[in-house]
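The next block holds one structure in the form of structure tokens; read it before the comments.
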4 protein chains.
Amino acid sequence: MDGFQRRREQKKQDILEASINLFMDYGIQKVSIAEIAKKAGVSQVTIYNYFENKHKLIHEVFIYYVDKAVENFEQVVYSDVPFNEKIKQIIFNKKEVATQINEEFYQYLMKEYSTEGNYIEQVYQEKTIPYFTKLFKEGKKQGYVNPNLSNEAIMFYIHMLKDYIQREDVYQNILPLTEEITDIFFYGTMGKKE
Amino acid sequence: MDGFQRRREQKKQDILEASINLFMDYGIQKVSIAEIAKKAGVSQVTIYNYFENKHKLIHEVFIYYVDKAVENFEQVVYSDVPFNEKIKQIIFNKKEVATQINEEFYQYLMKEYSTEGNYIEQVYQEKTIPYFTKLFKEGKKQGYVNPNLSNEAIMFYIHMLKDYIQREDVYQNILPLTEEITDIFFYGTMGKKE
Amino acid sequence: MDGFQRRREQKKQDILEASINLFMDYGIQKVSIAEIAKKAGVSQVTIYNYFENKHKLIHEVFIYYVDKAVENFEQVVYSDVPFNEKIKQIIFNKKEVATQINEEFYQYLMKEYSTEGNYIEQVYQEKTIPYFTKLFKEGKKQGYVNPNLSNEAIMFYIHMLKDYIQREDVYQNILPLTEEITDIFFYGTMGKKE
Amino acid sequence: MDGFQRRREQKKQDILEASINLFMDYGIQKVSIAEIAKKAGVSQVTIYNYFENKHKLIHEVFIYYVDKAVENFEQVVYSDVPFNEKIKQIIFNKKEVATQINEEFYQYLMKEYSTEGNYIEQVYQEKTIPYFTKLFKEGKKQGYVNPNLSNEAIMFYIHMLKDYIQREDVYQNILPLTEEITDIFFYGTMGKKE
DNA sequence: AATGAATGAGGGTTCATTCAT
DNA sequence: GATGAATGAACCCTCATTCAT
């Protein structure tokens, strides 16, 4: 990649990063192209040169985000720590984008167009589910997961925890509860067997 | 309340109902005053006569929504069924608005202004927490809740489940998992003690 | 029609008139909604309140224009003057909009959308052609039209003359040639039979 | 002309050809510099290197077009066929650009600036009119043109026919009428003398 | 109190043109 | 001389809000 290419790629990254940050802070619809342009330090038209229109930009931000999330997930799954540690990391590692998508993102895209849903579905089938399967097999072997439970149900719980905790308004308040929350995840409200 | 008053009150209700429905379906920002007016069968200006501006309208919709939710919650708590049934009802009774607010609502209001947060906080302190406390005491007595767990942690789980399941895109897919999900809530991923 | 209705109708007319004048002078694409608004003495948004979008406005201007033209044509056909006089009037009466549409109008609409074409076609079948038929029968009886000629060919000539002469840049220059032009129409370049 | 010069000249031609084709198909205003650049296989800036700005480009396209038209006209006039054949060729030979300019071209340039008008006027005085004079003298000698008619009037007819028939929307529909149309041109609506 | 009509401000997008390499 | 990248200005359109009746 020559200098031109590299600078072009860099600028694209800048715009994507500016977008993602603003979207996270203010939601998608509230953020205008003008704002993104300002934050990325380019003119509005430059954004159009790279992304054609706002929806295409959102789409690429979305892909960028999903890919980063999956990559992150992969790393944790293949890391060398016990099962319960992995779960904790998956659930609580904020900013290290999630296996599940931020709600407004998701809902926005689901309602407006369906292409994005396909991408998510595909990534899901090809990557997320296999990782989870591997993970749960491990969990069962280590005795953390009841073999009678379906993978779906556990995945649901993990997604939910991860997604919910990611919420700006939630994260702040539950940090002191981290231990208890993981405990409930493993042992339920009834508590540990002795 | 005389005829005038009553008709006035009725119209206000109509507007609130129209608003809440549209907000749920399309999100707050996508819904224009014109659309609300049309759905409520009044002119735009009438909305302004009752609510001053869009933000005030949202605010009142919000109050309306929270009050309804709390009322609902109260009923379940005081109903005559075992603890685990109550929990199931709280978590899975869709449409019977929640103890927790729809995310976009919340985020929107949190970001824009802080007044609403105070109201929620107040309702929380005065109503929601006491109900939960009563509920958990019951749960502990019936053996469903480990006495060592803090109320906060359990409330966190209930809120999360309720809120997450309320999501349009989620609800459809997890209905068959209902039983398993409640099981995990009570017994954790490790499963029942025998 | 009450005062409200009348004023509304009046304003709509104002906008249509402003549009048609500007379109005639500068072409359709060069004219912005802002300019029309200014000329009609209303705000841009008012135009949108009446016409939804620019294309719909153009469409209505178009209908307005075609209808006026046909009406005009009808009057001439049913008037009480000899055939050759009628032809002269049809061809040379400028501003009294034509049986045929201004080119840019036509081309623009033909290219962009096809609905308008249908309307023209319809008016053509239902009104213009019958009037022409009547007119030519008269012309043949009065000896101005060779019975061997098809109506289509004569209509072509009339349309052409009318349309061409309507052109801003042409009209000015051919006024002194009026007589000769009508002569050529009736007698050809070869000239009168004696 | 050396290699450099020649390649330069070639590129200019490419741009002019690309422009003229696009202008004919979509009208002047609808065609962007970007589109021309793409069709000509050069960068936008290259166009600016050759033509300074869009208006200058249009101007040169215009000259190019007029010159080609006159050249074409000249060929027909000096060809070795009878008068009526020449007329037919002038009028119906589509694509072989005309003695008269395409309307949008003309109107656009007339309205925007006046320089182009001068060029046309000049070509007109120096070339077109002399050719026509020669042509009509021939026509009169061969008995096709009434000697009492002014050259202006006949020129008007020819221009009009040529220009009108060039129109995309017209050309398609009048092909079957070719014979009749030429007949009317020579003999008028009253028909041939016997 | 209620409405139809009107508007200023702002958003997404396009385009002729210039900058930097 | 040629290009990819960048831009200011303008355009169509929407929306919360106000005016006039």
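Note that the structure is predicted; figures quoted are calculated from it, not measured. In what follows, chains are A, B, ... by sequence order, proteins preceding strands, each numbered from 1.
Side-chain atoms of C:M24 and C:Y65, non-hydrogen and from C-beta on, do get closer than 4.5 Å to each other. Taking the side chain as every heavy atom from C-beta outward, D:L57 and D:S19 approach each other to under 4.5 Å. Using a 4.5 Å heavy-atom cutoff, the side chains of C:L16 and C:F51 are in contact.
Distance NZ (C:K30) to P (F:dC12): 12 Å, rounded to an integer number of Å. Per the geometry, OH belonging to A:Y48 stands 14 Å off C1' belonging to E:dC15, to the nearest Å. Rounded to whole Å, the distance from NZ on B:K56 to P on F:dT17 is 10 Å. Whole-Å rounding puts the C:N49 CG to F:dC15 P distance at 12 Å. The interatomic distance linking A:K12 (NZ) with F:dA5 (P) rounds to 11 Å, in whole Å.
Checked by atom type, the side-chain pair D:Y64/D:E17 shows a donor-acceptor distance below 3.5 Å. With no hydrogens or angles considered, a side-chain donor-acceptor pair links A:D67 and A:Y119 at under 3.5 Å.
For D:Y50, no side-chain nitrogen or oxygen approaches OP1 or OP2 of F:dG1 to under 4.0 Å. Listed pair B:K11 / E:dA1 fails the phosphate criterion, with no side-chain N or O lying under 4.0 Å from OP1 or OP2.
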Please output the side-chain donor-acceptor pairs of residues 34-44 of chain A that fall under 3.5 Å, not counting sequence neighbours, one pair per line with the distance.
from  : atom 1 : to    : atom 2 : distance (Å)
A:E35 : OE1    : A:S32 : N      : 2.8
A:E35 : OE1    : A:S32 : OG     : 3.4
A:S43 : OG     : A:V45 : N      : 3.1
A:S43 : OG     : A:T46 : N      : 3.4

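Annotation: the terminal axes of the helix from E:dA2-F:dT21 to E:dT21-F:dA2 meet at 30°, where each axis is the rotation carrying the C1' atoms of four end pairs onto the next four (5 pairs per end, rounded to 10°).
Non-hydrogen atoms lying under 4.0 Å from DNA chain E are contributed by B:S43, B:V45, B:T46, all within residues 31-47 of chain B.
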